[in-house]
Amino acid sequence: MKTLRIATRKSPLALWQSEHVADRLRAAHPGLTVTLVPMSTRGDEVLDRSLAAIGGKGLFLKELELAMQRGEADCAVHSLKDVPMELDPGFALPAVLERADYADAFVSNHHDGIENLPPGARVGTSSLRRQAQLRALRPDLQLQDLRGNVNTRLAKLDAGDYDAIVLACAGLQRLGLDARIRRRLEAPHWLPAPAQGAIAVECREDDAATRALCAALDHAATRTCVEAERAMNRSLHGSCHVPVAAYAWLDGEHLRLDGQVGSAGDGRSVRAHGEGRGDAPQCLGIEVAGRLLEQGAGEFIAASLQGGPGEDD
Ligand SMILES: NCc1[nH]cc(CCC(=O)O)c1CC(=O)O
């Protein structure tokens with residue numbers, strides 16, 4: 001193969017991530033031409049309704065997958081946290097790049113942490129996971145919806161619509177907006193979305209040439225961690241409608257996983273931790289999911305599936 005075409009969404013973050021993968025592919029394969037095929041997806045276009053109401057996060061992938069099926073692109077680049085737990089049939093993830101900052105960021109122009117917000121402060125986030133964790137720490141806060149790409153969300157904060165917002169550190173850093181991070185919200189006190197901070201490359205399962213080229217970018221330790229996090233989420237029926245948080249890290253051969261399921265409404269949550277060998281990440285994910293269910297996570301999951309719209313991140 002001489003040319004590899006990457007289908008990408010057009011948001012600044014998506015373009016940065018796709019350019020980054022393109023650069024990495026060019027470096028790994030001298031002589032390979034890599035081009036971007038920017039596309040608009042329904043998830044980007046419809047901003048006045050929640051993602052859940054228009055079909056969930058898979059919407060961001062669908063158009064890119066159709067382009068690969070039509071032969072207009074060879075692969076697509078995603079934030080792995082936006083990729084559904086079950087890939088569409090016929091597709092594979094030949095590369096998961098080394099994880100960047102996994103943490104969420106507290107962003108505000110006037111306050112430097114959640115605990116310093118005045119009573120009743122307005123915090124913007126449409127993520128049920130972020131809402132649940134905020135509720136648990138500060139039941140008095142007014143949680144308000146906030147959608148749109150990273151720049152749009154920051155503009156709404158600056159316009160005074162909110163006292164603070166929560167975003168992913170990785171997205172801010174990629175856009176050169178590190179200075180906006182007032183506080184990193186770190187594990188184990190605050191957990192990210194499963195696979196937050198990791199970029200994945202998707203291609204057709206039967207496209208052996210593309211799979212081989214992309215495999216050069218795969219980072220084994222990151223893949224191990226995100227497999228544990230995603231297996232946990234999958235076994236909880238996690239989707240963007242459920243407030244599930246997970247963070248796994250490797251300690252030598254040892255894999256550790258923290259998981260949490262919250263109730264977006266009232267700040268209650270259950271947490272579990274598990275440890276296992278790095279060569280069986282999915283078993284660890286399933287085990288931690290089992291512990292969360294034993295503690296009553298099922299009730300929160302059922303409630304959020306019934307409840308109205310809501311989305312992760
Ligand atoms: N759905 C939005 C989204 N998807 C991935 C990232 C950040 C990058 C990452 O987590 O890898 C973001 C922005 C945010 O949550 O602030």
Side-chain angles (χ1 to χ4, degrees), residues 8-21 41-44 46-47 50-52 54-61 64 76-84 93 95-108 123-131 133-134 145-157 162 164-178 180-187 190-202 219 222-223 225-226 229-230 233 238-241 243-248 309-313:
T8 178
R9 292 167 52 202
K10 290 182 193 162
S11 73
L13 181 60
L15 286 170
W16 186 97
Q17 294 181 166
S18 298
E19 292 284 8
H20 176 69
V21 167
T41 72
R42 246 176 89 64
D44 297 300
V46 185
L47 290 176
S50 80
L51 275 186
I54 56 176
K57 274 205 276 198
L59 278 186
F60 289 120
L61 277 78
L64 306 184
V77 171
H78 310 292
S79 295
L80 185 52
K81 80 166 177 184
D82 296 332
V83 175
L93 298 180
V96 175
L97 277 65
E98 182 170 5
R99 171 128 78 179
D101 196 336
Y102 72 86
D104 270 344
F106 175 85
V107 180
S108 170
V123 182
T125 174
S126 295
S127 153
L128 293 176
R129 172 185 64 82
R130 290 170 176 153
Q131 288 177 1
Q133 294 187 90
L134 285 162
D145 271 333
L146 171 58
R147 271 203 66 200
N149 66 40
V150 173
N151 307 279
T152 309
R153 296 188 208 187
L154 288 169
K156 289 182 182 166
L157 171 72
Y162 312 95
I165 63 177
V166 180
L167 293 169
C169 286
L172 291 168
Q173 289 159 353
R174 288 171 187 150
L175 295 172
L177 297 167
D178 316 48
R180 290 291 203 143
I181 303 171
R182 294 295 285 264
R183 185 80 68 84
R184 287 180 71 249
L185 303 172
E186 294 177 16
W190 182 285
L191 297 180
Q196 183 159 310
I199 294 172
V201 185
E202 181 186 25
H219 188 259
T222 298
R223 190 179 279 270
C225 294
V226 299
E229 294 161 10
R230 285 171 59 81
N233 198 19
S239 69
C240 49
H241 318 287
V244 173
Y247 180 59
E311 65 191 74
D312 194 19
D313 310 339

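Atoms within each ligand, like the ligands themselves, are counted from 1 in listed order. Note that the numbering runs from 1 along the sequence shown for the chain.
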Notebook entry, point to check: Once you round to the nearest 0.5 Å, how far does CG of L13 lie from CD1 of I199?
Noted result: 8.0 Å
Checklist line | Lys/Arg N to Asp/Glu carboxylate O, E229 vs R99, below 4.0 Å | finding: yes
Next item on the list: With rounding to the nearest 0.5 Å, note down the distance linking CZ in R184 to CH2 in W190.
Entry: 13.5 Å
Margin query: Side chain or backbone, does G197 bring an N or O within less than 3.5 Å of an N or O on ligand 1?
Written below: yes
Next item on the list: Enumerate the atoms of ligand 1 whose separation from the nearest heavy atom of D82 is less than 4.0 angstrom.
Entry: 1 (N), 3 (C), 4 (N), 5 (C)
Check: Has ligand 1 got any nitrogen or oxygen that is less than 3.5 angstrom from a nitrogen or oxygen of A168?
Finding: yes
Check: For ligand 1, which atoms have a heavy atom of K81 less than 4.0 angstrom away?
Finding: 3 (C), 4 (N), 5 (C), 6 (C), 10 (O), 12 (C), 14 (C), 15 (O)
Checklist line | Test item: S127 side-chain N/O and R130 main-chain N/O as donor-acceptor pair under 3.5 Å | finding: yes
Notebook entry, point to check: Purely on distance, is any nitrogen or oxygen of R174 under 3.5 Å from one on ligand 1?
Noted result: yes
Notebook entry, point to check: For the residue pair N233 and P194, what are the closest heavy atoms and their distance?
Noted result: ND2-CG, 3.8 Å
Next item on the list: Heavy-atom contacts with L167 under 4.0 Å: which atoms of ligand 1 show up? List them by number with element.
Entry: 16 (O)
Next item on the list: Might you work through the salt bridge (Lys or Arg N to Asp or Glu O under 4.0 Å) test for R129 and D104, ending with a clear yes or no?
Entry: CA-CA 11 Å; R129 172 185 64 82; D104 270 344; 2.9 Å; yes
Margin query: Is there a polar contact, in the sense of an N or O pair closer than 3.5 Å, between Q17 and ligand 1?
Written below: no
Note to self: With heavy-atom distances below 4.0 Å as the criterion, list the atoms of ligand 1 near R130.
What the structure shows: 14 (C), 15 (O), 16 (O)
